[in-house]
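All of these numbers come straight from a predicted model, not from anything done at the bench. Side-chain atoms are counted along with the backbone in the values below, which use heavy atoms only and exclude waters and symmetry mates. Each residue takes its place number in the sequence, starting with 1.
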Amino acid sequence: MSTLKSPVALYQALIEANVSKETAATAAQSLVEDIGSVVANLATKQDIQQGLDMLEAKVDSKLSGLEAKMDSKLSGLESKVDSKLSGLESRMDSKLSGLEARMDSKLANIDARFKVQNIYLAIIGVITASSSPIFAPLVKAIEHLIH
């Protein structure tokens with residue numbers, strides 16, 4: 001069998017195989033039309049490059065849009081976090097101020113009680129010392145401090 005090199009070779013091969021001339025001509029013509037259709041629909045290297053360039057541009061555009069959305073969402077999230085932290089900081093400051101006030105009040109109360117106890121001890125000491133002539137100078141010094 002000879003190598004098929006053209007539609008004419010196909011036509012000749014069909015004729016040699018005892019196919020009618022009309023059928024051989026139709027087959028050869030169909031082959032020419034099919035090859036023409038395939039060639040017409042083949043993409044060139046330039047067509048492929050243009051398609052790739054368009055695809056790359058679309059991907060870049062989509063990524064830019066996605067990046068903008070992510071930036072927007074992150075900014076919104078950052079604002080929410082800042083707001084929550086600010087509220088938490090305010091509440092903590094308020095609680096700490098309340099605790100500080102209570103602690104100051106308790107310390108002032110303790111300080112006052114120590115002063116009262118010191119006065120009682122001084123009075124007891126004066127009473128005890130006043131009955132003894134040895135402590136008379138000490139009693140006068142304490143009286144001077146109290147007044």
Side-chain angles (χ1 to χ4, degrees), residues 1-129 135 138-147:
M1 185 169 154
S2 65
T3 303
L4 182 63
K5 294 187 179 181
S6 71
V8 174
L10 174 64
Y11 176 78
Q12 288 176 348
L14 288 172
I15 294 295
E16 288 176 13
N18 292 327
V19 175
S20 71
K21 288 183 179 184
E22 185 178 298
T23 303
T26 302
Q29 184 61 35
S30 292
L31 179 64
V32 168
E33 290 171 1
D34 288 347
I35 290 173
S37 176
V38 168
V39 169
N41 290 318
L42 284 179
T44 65
K45 185 177 180 180
Q46 183 180 4
D47 293 337
I48 293 171
Q49 187 60 50
Q50 285 176 343
L52 287 174
D53 290 344
M54 287 184 351
L55 181 60
E56 184 179 2
K58 282 183 180 180
V59 168
D60 286 347
S61 174
K62 293 288 185 181
L63 286 176
S64 293
L66 183 59
E67 185 178 11
K69 284 182 183 177
M70 291 296 291
D71 286 346
S72 174
K73 294 284 185 183
L74 285 174
S75 292
L77 184 59
E78 186 178 12
S79 294
K80 284 181 181 179
V81 167
D82 286 347
S83 175
K84 293 285 185 184
L85 286 176
S86 179
L88 182 61
E89 183 180 16
S90 178
R91 288 193 338 241
M92 285 180 63
D93 286 347
S94 176
K95 293 279 186 184
L96 286 174
S97 293
L99 286 172
E100 188 177 327
R102 286 176 50 202
M103 191 169 76
D104 287 347
S105 173
K106 294 284 185 182
L107 287 174
N109 190 9
I110 290 170
D111 191 40
R113 286 176 27 204
F114 273 123
K115 284 181 182 176
V116 169
Q117 284 179 348
N118 285 338
I119 290 172
Y120 284 149
L121 288 175
I123 291 171
I124 292 170
V126 168
I127 292 172
T128 305
F135 295 110
L138 178 61
V139 170
K140 289 195 186 262
I142 292 173
E143 284 177 349
H144 181 57
L145 287 174
I146 293 177
H147 295 300

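Across Ala27 and Leu14, no two heavy atoms sit closer than the pair CB-CD1, 3.6 Å. When every heavy atom of Ala24 is checked against every heavy atom of Val19, the shortest pair comes out as N-CG1, 4.0 Å. The shortest non-hydrogen separation linking Ala28 to Pro7 is CB-O, 3.5 Å.
Taking CD of Glu100 as the start and CG of Asp93 as the end, the distance is 10.5 Å to the nearest 0.5 Å. Rounding to the nearest 0.5 Å places NZ of Lys95 at 11.0 Å from CE of Met92. To the nearest 0.5 angstrom, Ser30 atom OG is 11.0 Å from Ile35 atom CD1. Distance check: Asp104 CG to Asn109 CG gives 12.5 Å after rounding to the nearest 0.5 Å. Between the CD1 atom in Ile119 and the CZ atom in Phe114 there is a gap of 14.0 Å [rounded to 0.5 Å]. Atom CE of Met103 and atom CD1 of Ile110 lie 10.5 Å apart (nearest 0.5 Å).
Under the 3.5 Å distance criterion, the side-chain polar atoms of Thr26 are matched with a main-chain donor or acceptor of Glu22.
Contacts classified as side-chain hydrogen bond (donor to acceptor under 3.5 Å, both in side chains) and involving residues 47-69 (residues at least two apart or in different chains) are given here: Thr44-Asp47, Gln49-Asp53.
Take Asp111 and apply the salt bridge (charged side-chain N to carboxylate O under 4.0 Å, His left out) test, not counting sequence neighbours, and it matches Lys115. With sequence neighbours excluded, no residue satisfies side-chain contact (heavy atoms from CB on, under 4.5 Å) with Leu74.
With contacts defined as side-chain heavy-atom distances shorter than 4.5 Å, the pair Leu88/Arg91 qualifies.
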